[in-house]
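Read the structure below first, then the notes.
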Amino acid sequence: MAETKKKAKGLLSRAEGVLDVAQGTLNNLPNITLYGTSLVEIDNFRSLLDFSEGSVRVNTTDGIVRLDGIALHLAYMTDESIAVKGSIKNLSFE
Amino acid sequence: MKLKVIDFLFGACKIKATGTFLERIINIATQKGIFLRSITTSGEKSITFTVSRRGAEMLLNEPLCEGIEIEIVEKSGLPYIFSARKGRRVALFAPLLIMVFLFLSTQIIWHVNVIDATREEEELILAELKKLGVKKGAFKFTIDQSHVKNRILIDNPSLMWLWVDLKGASAIVKFAPRDMAPPLYDENEFYNVYSTRDAVITKITATNGVAKVKVGDTVLKGQLLIEGTMPEDGESIKYIHATGEVLGSVWEEKTVIIPKKKEIRTPNGEKVEHLSIKFKNFLVKLYINSSISYPDYDIIENNRIIVPFGPLFTKKEYIAVDVTYEENNIPLMQKAYESEFYASLTDKGYSINYKESLINDKGDSVHLTMRALCEEPVATERRMNLGENYSGTDN
């Protein structure tokens, strides 16, 4: 099952290359945009896992994105994108 | 900024969620299509966020997560402002309506006042003003004061100057009458002077024409006094405009009836009121029994306008009176009538040479006849009818 998924991902990734479109367009990969150290926008996320002033964990199709910082809060959240504001110190994948 | 404007127009709520695993409610609300913003933690077990009015209703009506309590912390936006003042809408609009009503009231003329006018002048000016739209109930902004002034002065040569001042709800009319010059004699018109009364001539001065009577003559009404003809070259006659002053001795007479008893009507306290509303030609009686039970009564009628230009509220009071009679003081009344009569003659410029009064008893009343022998003008000019193309000279 996992192998099939991996194969499908690989195929989609290759198709993106052939079609010359942005990466993640076809296989729904998370799109993370960092504006300096104060704002992060994550598109194509799955759910919010953990939320506190010190850290935010967001589940995406490509794994869990973890943000560490000070006075973090969510500027907005829709079913497609989430924006985290505050003083971001670290962005990592788990 | 755009979001703030939308929140203000459509309303937004700040919501506090308290419980464990608060991320659940954020995820579920998002999946339900509720747009969350400004999500902040407030303590370990609570978060606050802002949602639209509709989103808040969804969150409150359908609890999305067990064990999480949701409460509205703050409501903002126009819908909440209006709903908070729902019961006070009248209070909000009433002052506005009153202001509009007051403004319109001040724009209407309620009173037209002609200053320093005799009754005839007032009637004339009011009629002219009415024709030009200056009347009770007219809007002030429809009145062109210069046009009104010019039109009235053109149409009425007897007025020298006029102006309509619009002050508050009144139209104040100031005017100055023209001192009319004596009419010019038309050389092509010929006049005789005739007597206006049966009289004994006391003075005759013919300034133009030939006097036909002399002092001491008795003349009848309509008799020729000064003839507008002048003999010219023996046989031919020249017609002229005869003028002159002619005074005559004339008896002026007036008879008044003085009742011997006067009626005294004393209200005895009984009163019946009949109320009715009149609108144009329709009369609505607000009473059932229209008959009055007592024989003698006085009627006092009061009319009151309820609404401007609306129906007329009429109150008729039938006040019962006890009628008694009292003897009149005849000599005192006679004196009063006499002084009034003689004063009226002197006011006309007549000189009184002799006075007398006759009293005739007629049972219930006395007939007082007052007579005065006066010296007064008795002449009037009358145009001669000589034909249209007459040149003024007869051969």
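First the proteins, then the strands, lettered A, B, ... as listed; each starts at 1.
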Can you list the donor-acceptor atom pairs spanning chain B and chain A that come in under 3.5 angstrom?
{"residue": "B/Glu23", "atom": "OE2", "partner": "A/Phe51", "partner atom": "N", "Å": "2.8"}
{"residue": "B/Asn27", "atom": "OD1", "partner": "A/Leu48", "partner atom": "N", "Å": "2.7"}
{"residue": "B/Asn27", "atom": "ND2", "partner": "A/Leu48", "partner atom": "O", "Å": "2.7"}
{"residue": "B/Leu36", "atom": "O", "partner": "A/Met77", "partner atom": "N", "Å": "3.0"}
{"residue": "B/Ser38", "atom": "N", "partner": "A/Ala75", "partner atom": "O", "Å": "2.9"}
{"residue": "B/Ile39", "atom": "N", "partner": "A/Leu74", "partner atom": "O", "Å": "2.7"}
{"residue": "B/Ile39", "atom": "O", "partner": "A/Leu74", "partner atom": "N", "Å": "2.8"}

Set of residues satisfying ring pair (Phe, Tyr, Trp, His ring centres under 6.0 Å) with respect to B/Phe139, sequence neighbours excluded
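If we apply the ring pair (Phe, Tyr, Trp, His ring centres under 6.0 Å) test to B/Phe139, skipping adjacent residues, the hits are B/Phe141.
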B/Phe10: ring pair (Phe, Tyr, Trp, His ring centres under 6.0 Å) partners, not counting sequence neighbours
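Checked B/Phe10 against ring pair (Phe, Tyr, Trp, His ring centres under 6.0 Å); zero matches.
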Counting only non-hydrogen atoms closer than 4.5 Å, does A/Ile82 touch chain B with its backbone (N, CA, C, O), its side chain (CB onward), both, or neither?
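Neither part; nothing is under 4.5 Å.
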Does anything in residues 138-153 of chain B form a side chain to side chain donor-acceptor pair (under 3.5 Å)? List the pairs, not counting sequence neighbours.
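Pairs touching residues 138-153 of chain B that pass the test: B/Arg151-B/Asp155.
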Output yes when a side-chain donor or acceptor of B/Trp163 lies under 3.5 Å from a complementary backbone atom of B/Ile172, and no otherwise.
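No.
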Top of B/Leu36, B/Leu22, B/Ile47, B/Leu3 for chain A proximity - count of heavy-atom pairs under 4.5 angstrom
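Most heavy-atom pairs within the cutoff with chain A belong to B/Leu36.
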Please examine the side chains of [Y] and [X], heavy atoms only from C-beta on, and report whether any two atoms are closer than 4.5 Å.
X: B/Thr314; Y: B/Leu312; value: yes
X: A/Phe93; Y: A/Ile64; value: no
X: B/Ile26; Y: B/Ile39; value: yes

